[in-house]
Amino acid sequence: MAEDAKFLTGSTLRHVTVMALSSTVGLMAVFLVDFIDMVFIGMLGKAELAAAIGYAGAILFFTGSFGIGMAIACGALVARALGAGDANLARQRATNALIIGAIGGAAFAATVWVYTPQLVTLLGAVGETQALAVSFMRLILPSLPVLLIGMVGGAILRAHGDASRAMWVLIYGGIVNAVLDPILIFGLDLELTGAALASIAARFTIAGSALWAIHAHYGGFGKPTAGTVWHDMKPIMAIAGPAVLTQLATPVGQAYVTRAMSSYGEEAVAGMAIIGRLTPVAFGVIFALSGAVGPIIGQNAGAGKQDRVREAYRDGLLFTGAVVVLVSLLLFLLRGPLAWLFQLDGVALELVFLFAGPLSLLWFFNGMIFVSNAACNNLGHPLYSTWVNWGRHTLGTVPFVMLFSWWLGAAGVLIGQALGGVVFGLIAGAVATRVIAMGKEDTRGPFERHLTLFRHFHTRR
């Protein structure tokens, strides 16, 4: 069991660094392929194709949020069970989370599939761009349950501290996607359809690789029954429900930003779509931090080692700061090559240069939100993450974007979004610090939980 709960000893900063960098390599394989997709589509010389991917990406982020929420729940429960020394409970929770997630993911995907035209139109797409986005979405949506299985499987591997195999699961998917992209997009002249088919193949690869790794190295899965699935529904959904709501806030906020940007024309939307593909490539380490820090906090919380929980949170923030400074410098130095690569001019050039300059430094506060949410989710307070994330993508997005876009135009949309992240990054840090100070999981109702946090803010120094 000591081998399973490997985060209970050793340097927490080393664990954060190893987990984050390993997770980043896998995520980068996927994100880089998405980035290359955009390059390939851009090479076709059709602005409406790039804009269609921008609109579809906002909705796909929305659908992927369901899988992220289930992965957070499964990872947190498995890590805490391992930290407490109960391998059988960890295996049972992993099994039932996969089943519940796959069924829920299928229902969620079907609902979005039916309303795809309305959702794309709501984002501001019109004409041929709208038709292309709908076609792309309806082709890729049925594979959402497969993607969810892969995401939950990766979370199980990370909960065991197996960052290496979780990394390779994503790399395998990235390789499949990268190989199929040029063949389908250019070789068979399928354009957006080819990009969708390559992504579907990658999703099956990721899911299959994750399930095989769990079966081969961690005893596989338990035998599911209706009774055990129903029994685990409550603890899984107690985290997954708020976690899904937390993740849904991001695409809702991004949908508003996309809608606001659409008023400045397809060139502005295309510029934002390029930033949308560039961001995860540049800040893949920050995206990986939630999955990296969560298992470390979860195992130590399960073992009652509160001092190491505090250390892991602190080290996560230190790591975030170092990464953001280095990446921001690199982006600034690469602004010229980026302009050449995407043949940028006009408002698209302005937006990409703005992102690859001062705005990228503000990504530290997004990283603070990710690390703080991971702490709250793994310490039994997922609703706090929900409130913070929804606040960030409503109060921290809409008024800021409205004000700065009125003042500065298309650039103001990005500036307003970034400044709202600063405000709620600081709020997230304050909430997570108080949750950690409480020292134990809160099993009371939502009203009592929020009342306790309120008292902590006003009575503790």
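When reading the values below, keep in mind they use all heavy atoms of this one structure, side chains included, and skip hydrogens, waters and symmetry mates.
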Testing the basics here: between [X] and [Y], what is the closest heavy-atom pair and its distance to 0.1 Å?
| X | Y | result |
| --- | --- | --- |
| Gly105 | Leu148 | CA-CD1, 4.2 Å |
| Ala201 | Val176 | CB-CG1, 3.9 Å |
| Val78 | Ala159 | CG1-CB, 3.6 Å |
| Ala374 | Asn378 | O-ND2, 2.9 Å |
| Ala268 | Leu351 | O-CD1, 3.6 Å |
| Val16 | Ala312 | CG2-O, 4.1 Å |

Taking the side chain as every heavy atom from C-beta outward, state whether [X] and [Y] have any pair of such atoms under 4.5 Å apart.
| X | Y | value |
| --- | --- | --- |
| Leu98 | Cys74 | no |
| Phe332 | Arg335 | yes |
| Ile286 | Asn366 | no |
| Arg308 | Ile297 | no |
| Val423 | Phe400 | yes |
| Ser360 | Val327 | no |
| Tyr256 | Met402 | yes |
| Gln417 | Arg392 | yes |

Using modelled atom types only, decide if a donor and an acceptor are shared between the side chain of [X] and the backbone of [Y] within a distance under 3.5 Å.
| X | Y | result |
| --- | --- | --- |
| Thr17 | Leu13 | yes |
| Ser263 | Arg259 | no |
| Ser385 | Ser372 | no |
| Ser209 | Ile206 | no |
| Ser143 | Val146 | no |
| Arg138 | Thr116 | no |

Can you tell me how far apart [atom1] ([X]) and [atom2] ([Y]) are? Round to the nearest 0.5 Å.
| X | Y | atom1 | atom2 | answer |
| --- | --- | --- | --- | --- |
| Ile200 | Leu180 | CD1 | CG | 11.0 Å |
| Asn373 | Phe370 | CG | CZ | 8.5 Å |
| Leu379 | Tyr384 | CG | OH | 11.5 Å |
| His381 | Thr386 | NE2 | OG1 | 13.0 Å |
| Tyr264 | Met272 | OH | CE | 12.5 Å |
| Leu326 | Leu331 | CG | CG | 11.0 Å |

**Message:** Between Leu119 and Met137, does the side chain to side chain contact (heavy atoms under 4.5 Å, CB included) criterion hold? Intermediate values first, please.
**Reply:** CA-CA 11 Å; Leu119 291 172; Met137 285 291 305; over 6 Å; no
**Verdict with supporting geometry, Arg165 and His160, side chain to side chain contact (heavy atoms under 4.5 Å, CB included)** = CA-CA 10 Å; Arg165 289 192 178 89; His160 281 275; over 6 Å; no
**Request:** May I have the step-by-step check of side chain to side chain contact (heavy atoms under 4.5 Å, CB included) for Phe404 and Val413, ending in yes or no?
**Result:** CA-CA 6 Å; Phe404 283 90; Val413 175; over 6 Å; no
**Message:** Can you confirm whether the side chains of Thr12 and Tyr313 place a donor and an acceptor under 3.5 Å from each other?
**Reply:**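 Absent: no donor and acceptor within the cut-off.
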**Request:** Show the numbers, then the answer: is there a side chain to side chain contact (heavy atoms under 4.5 Å, CB included) between Arg203 and Ile140?
**Result:** CA-CA 10 Å; Arg203 291 180 172 192; Ile140 204 170; 4.1 Å; yes
**Item:** Aromatic plane relationship, Trp363 with Phe283 - under 30° parallel, 30 to 60° tilted, over 60° perpendicular
**Value:** parallel
